[in-house]
Amino acid sequence: LGVTTILDLGNTPLADRLVRRQELSQEDIRAPLTLAFCSRCALVQILETVEPEILFGADYPYYSSVSESLLAHFRDSAAQIIERESLNKNCLVIEAASNDGYMLRNFAHFGIPVLGIDPAPGPAGIAVKQGIPTRQYFFGLEVAESLRSEYEDGADVFLANNVLAHVADLNGFVEGIRVLLRETGTAVIEVPYVIDLVNRCEFDTIYHQHLCYFSVTSLNRLFRNHGLFLNDVERTWVHGGSLRLHVHKFERPSERVIELLEEEDRQGIDSLGYYAAFADRTRKLAERLKKMLEDLKRSGHSIAGYGAAAKAATMLSLAGIDRSILDFIADRNEHKHGWYMGGNHIPIVGTEEIVVAQPDYLLLLAWNFADEIISAQTEYAGRGGKFIVPVPEPEIRGI
């Protein structure tokens, strides 16, 4: 059906599926991870779908509020939306995958009514405690129709940050946006950009939660199929390079949309040839990283990781990095402390352990926040600690 494999990452542990100490003797859940390209819709996607209840269940450990730079990014985004859409207390902002309320609190602060939708009980519970109304379920067409009957005027703004790629029923999700959005409303959506993924060899952003990898071309086609129109787009640094989309029920494309569509056409983004060398570049990067780490270990150096992120599951799996190389992985998210990574069972600890253990090198598995991490680890660096940034090319940094 026009779907061709680009990269086979093998049977990998599930991202964010952390392991308790008492579960270490049990077999970890793994699933095939295969990246493919559809010549009909120009969409890059993985071929396997793990049940969302497994991926985003009771122990889902991702909390958006952990990263200061991410909070600042979405605080700025909210301010821009409030001004751009002239929002006030008579408007309604609805967010799918609202997590712990990190984004909606910026609107609620100004008295703008909000509603969050998120299936993960941990983050949703925190949002509610902080005064952000949150419904605990997966957003889709059925949910949208129910909410539209409840909120007859619909949403003035519909938000979906880093969730469109996670959705198995992509068409149902987008149709749900159309149903819930009022005629003059705006959907503001952020997605990782496949151009940045390919150009910077960000292979570790491929994991089971990320079902789709979007270009402007594929997004434009997707929205049009549901009577929606991509009218503006901004490129952002988030998650290694993302797009912020402004989508409406009317068509009025900005110069930025037109230029990106033309640029993607020139690069051949809708053809298999564009992705041909990606698999080879990915394997070579993983091999270089593994060799760098093994050489350091042979020289008697100690190494730890930073960031028990979803992308770490793919990075560690493909590069074959385990407890023989990394002593531990430090993470700011207290909900992950005391757990172990899936597959390799590397222990996860708090960031205070970095200066206690003082490893010679710190592998930044959450490399997309490298600047934030390095600036926060001045004590570690001051004692001679060095950082390894694996993407787009393994490099050692000091301060």
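Heavy atoms only: backbone and side chains are in, while hydrogens, waters and symmetry mates are out.
A salt bridge between Arg135 and Asp118 is absent, with no side-chain N of the basic residue lying under 4.0 Å from a carboxylate O of the acidic one. Between Arg148 and Asp153 there is no salt bridge, since no side-chain nitrogen of the basic residue lies less than 4.0 Å from a carboxylate oxygen of the acidic one. The pair Glu393-Arg288 meets the salt-bridge criterion, since a charged nitrogen lies less than 4.0 angstrom from a carboxylate oxygen. Of the charged side-chain nitrogens involved, none lies within less than 4.0 Å of a carboxylate oxygen, so that Arg21 and Glu23 do not count as a salt-bridged pair.
In this structure, Tyr361 has its ring center no closer than 6.0 Å to that of Phe387. Phe250 has its ring centre no less than 6.0 Å from the ring centre of Phe229.
In this structure a side-chain-to-backbone donor-acceptor pair under 3.5 Å is missing from Tyr102 to Phe74. Listed for the Glu372 side chain is a donor-acceptor partner under 3.5 Å among the backbone atoms of Glu68. Remark: side-chain polar atoms of His208 are paired, donor with acceptor, to backbone N or O of Ala31 under 3.5 angstrom. Of the possible donor and acceptor atoms, none in the side chain of Asn99 sits under 3.5 Å from a partner among the backbone N and O of Gly101. Without hydrogens or angle criteria, Asp156 side chain to Leu92 main chain gives a donor-acceptor distance under 3.5 Å. The backbone N or O of Asn162 sits less than 3.5 Å from a side-chain atom of His166, completing a donor-acceptor pair. At least one donor-acceptor pair closer than 3.5 Å links the side chain of Asp360 to the backbone N or O of Ser302.
At least one side-chain heavy atom of Lys336 sits under 4.5 Å from a side-chain heavy atom of Leu18. Contact check for Tyr306 versus Leu365: no side-chain heavy atoms found under the 4.5 Å cut-off. Counting heavy atoms from C-beta on, the side chains of Leu293 and Leu363 come closer than 4.5 Å. Inter-residue side-chain proximity for Glu175 and Glu145 is flagged as unmet; no heavy-atom pair is nearer than 4.5 Å. Using a 4.5 Å heavy-atom threshold, the side chains of Pro119 and Tyr137 count as separate.
Hydrophobic clustering of Ile, Leu, Val, Met, Phe, Trp and Tyr side chains at less than 4.5 Å, counting indirect connections, unites Tyr275 with Leu33. Hydrophobic cluster membership is shared by Leu289 and Val389, with clusters built from Ile, Leu, Val, Met, Phe, Trp and Tyr side chains linked at under 4.5 angstrom. When hydrophobic clusters are built by joining Ile, Leu, Val, Met, Phe, Trp and Tyr residues whose side-chain heavy atoms come closer than 4.5 Å, directly or via intermediates, Ile396 is grouped together with Phe369. Residues Leu170 and Leu245 share a single hydrophobic cluster, defined by chaining ILVMFWY side chains whose heavy atoms lie under 4.5 Å apart. Taken together through direct or relayed side-chain contacts under 4.5 Å among Ile, Leu, Val, Met, Phe, Trp and Tyr, Val128 and Leu104 form parts of separate hydrophobic clusters.
Here the closest heavy-atom approach between residue Pro13 and residue Ala313 is recorded as O-CB, 4.3 Å.
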inquiry  = Evaluate Ile81 against Arg84 for side chain to side chain contact (heavy atoms under 4.5 Å, CB included), listing each step before the verdict.
reply    = CA-CA 5 Å; Ile81 293 168; Arg84 184 168 175 159; 5.7 Å; no

>> Between Tyr193 and Val216, is the side chain to side chain contact (heavy atoms under 4.5 Å, CB included) condition met? List the steps.
In response: CA-CA 8 Å; Tyr193 192 18; Val216 179; 4.0 Å; yes

Evaluate Asp196 against Arg235 for salt bridge (Lys or Arg N to Asp or Glu O under 4.0 Å), listing each step before the verdict.
CA-CA 10 Å; Asp196 292 320; Arg235 295 185 71 167; 2.8 Å; yes

Next on the checklist: Between Asp270 and Arg221, is the salt bridge (Lys or Arg N to Asp or Glu O under 4.0 Å) condition met? List the steps.
Outcome noted: CA-CA 11 Å; Asp270 59 350; Arg221 294 178 187 178; 3.7 Å; yes

Stepwise salt bridge (Lys or Arg N to Asp or Glu O under 4.0 Å) check, Arg397 with Glu395
CA-CA 6 Å; Arg397 288 191 204 172; Glu395 65 164 328; 3.4 Å; yes

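A perpendicular orientation is assigned to the rings of Phe139 and Phe173, their planes being inclined by more than 60° (bins at 30° and 60°).
Screening Lys297, Lys290, Lys291 for a salt bridge (charged side-chain N to carboxylate O under 4.0 Å, His left out) involving Glu294 leaves a single residue, Lys290.
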